[in-house]
Amino acid sequence: MKCRDVMTRDPALCIPTDPASMAARLMRDHDVGSIPVTEDRKTKRLVGIVTDRDIAISVVAEERDPSGATVGDIMTPDPLTCRPDDDLVRVIATMESNQVRRIPVVDGERRLVGMISQADIALRGGSPDKTAEVVQEISKRAA
């Protein structure tokens, strides 16, 4: 199975100058825990990812104004990625070894084409046993 078989196509995205509150609204509206960040909305070249945890730690816990803090201020730059033709087993192994729950899918020019999450694997991955293993491995605390 390939990444393109399970990925969510054309995910919601932010650009670095968007307010953190916009990323939070997109997460709420799309029922996701992360938003990919692209250099602009036209090229969709991936530059980072912002998660609900980033907002909680870098905005809420620091008592920053969510309208004043930008996505670029709190995002993780250059996240792990995969390609549409990558083997899903390899991507699952990458998620497990790096303990990440979501991976942006990019083309050869690093343009965002999709996202793969634990939920995508659970819904479209085809193997309940593998899904349980993925969730368990990704959720382990780092040693």
Side-chain angles (χ1 to χ4, degrees), residues 1-127 130-142:
M1 190 169 265
K2 301 292 184 188
C3 289
R4 73 167 27 94
D5 299 325
V6 300
M7 72 182 192
T8 297
R9 297 177 188 277
D10 299 316
L13 59 87
C14 284
I15 61 173
T17 56
D18 286 337
S21 59
M22 180 179 176
R25 281 192 302 277
L26 286 171
M27 288 178 203
R28 177 198 64 204
D29 295 348
H30 293 272
D31 193 26
V32 295
S34 68
I35 299 289
V37 183
T38 62
E39 65 184 13
D40 61 51
R41 288 182 175 82
K42 185 176 179 183
T43 66
K44 295 186 180 181
R45 190 173 318 274
L46 186 73
V47 295
I49 193 165
V50 64
T51 67
D52 47 7
R53 188 172 193 280
D54 294 329
I55 293 170
I57 290 173
S58 297
V59 179
V60 177
E62 297 297 322
E63 298 181 7
R64 294 172 71 182
D65 176 6
S67 299
T70 67
V71 169
D73 293 337
I74 64 171
M75 72 179 192
T76 300
D78 300 316
L80 292 171
T81 63
C82 63
R83 302 268 179 102
D85 288 331
D86 285 349
D87 188 78
L88 186 59
V89 172
R90 186 186 75 73
V91 173
I92 290 170
T94 299
M95 292 171 81
E96 290 174 358
S97 64
N98 290 279
Q99 294 188 308
V100 295
R101 292 175 168 82
R102 308 154 190 101
I103 293 185
V105 184
V106 297
D107 67 12
E109 296 181 21
R110 204 164 167 84
R111 290 182 302 229
L112 180 69
V113 295
M115 287 287 285
I116 293 181
S117 68
Q118 284 180 325
D120 294 323
I121 294 166
L123 294 172
R124 297 185 282 276
S127 171
K130 187 62 181 170
T131 299
E133 179 185 328
V134 169
V135 171
Q136 182 179 18
E137 289 300 315
I138 293 171
S139 299
K140 283 183 180 176
R141 289 192 176 267

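Sequential numbering from 1 along the given sequence is applied to the chain's residues.
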Test salt bridge (Lys or Arg N to Asp or Glu O under 4.0 Å) applied to Arg41 and Asp18, step by step:
CA-CA 11 Å; Arg41 288 182 175 82; Asp18 286 337; 2.5 Å; yes
Would Asp5 and Leu88 count as a side-chain contact (heavy atoms from CB on, under 4.5 Å) here? Give the steps.
CA-CA 9 Å; Asp5 299 325; Leu88 186 59; over 6 Å; no
Check whether any side-chain heavy atom of Ile15 sits under 4.5 Å from a side-chain heavy atom of Thr38, and report yes or no.
yes
Side-chain contact test, heavy atoms from C-beta onward, threshold under 4.5 Å: evaluate it for Val91 versus Met1 and give yes or no.
no
From Asp86 CG over to Cys3 SG, what is the distance, rounded to the nearest 0.5 angstrom?
5.0 Å
Between Met95 and Ile103, is there a side-chain heavy-atom distance shorter than 4.5 Å?
yes
For Asp85 and Lys2, the nearest pair of non-hydrogen atoms, with its separation, is O-CD, 3.1 Å
Got a sec, which residues hit salt bridge (charged side-chain N to carboxylate O under 4.0 Å, His left out) with Glu109, two or more places apart in sequence or on another chain?
Arg111
List the atom pairs, with distances to 0.1 Å, where a side-chain N or O of residues 47-59 and a protein N or O form a donor-acceptor pair under 3.5 Å, not counting sequence neighbours.
| residue | atom | partner | partner atom | Å |
| --- | --- | --- | --- | --- |
| Thr51 | OG1 | Arg53 | N | 3.3 |
| Thr51 | OG1 | Asp54 | N | 3.0 |
| Thr51 | OG1 | Asp54 | OD2 | 3.2 |
| Asp54 | OD2 | Thr51 | N | 2.8 |
| Ser58 | OG | Asp54 | O | 3.4 |

For a quick test of reading the model, state the closest non-hydrogen atom pair linking Glu39 to Thr43 and the distance between them.
OE2-OG1, 3.3 Å
Which distance, rounded to the nearest 0.5 Å, do you find between the CG of Asp10 and the CG of Leu112?
8.0 Å
What donor-acceptor contacts under 3.5 angstrom involve side-chain atoms of residues 77-84, with partners at least two apart or in another chain?
none

Quick one: side chains of residues 26-37, donor-acceptor pairs under 3.5 Å with protein atoms, not counting sequence neighbours, listed by atom name and distance.
none

Looking at Met7, Arg102, Arg101, which one forms a side chain to side chain contact (heavy atoms under 4.5 Å, CB included) with Ser117?
Arg102
For Arg9, which residues count as a salt bridge (charged side-chain N to carboxylate O under 4.0 Å, His left out) partner, sequence neighbours excluded?
none
Looking at residues at least two apart in the chain, or sitting in another chain, which of them share a side-chain hydrogen bond (donor to acceptor under 3.5 Å, both in side chains) with Thr70?
Asp73
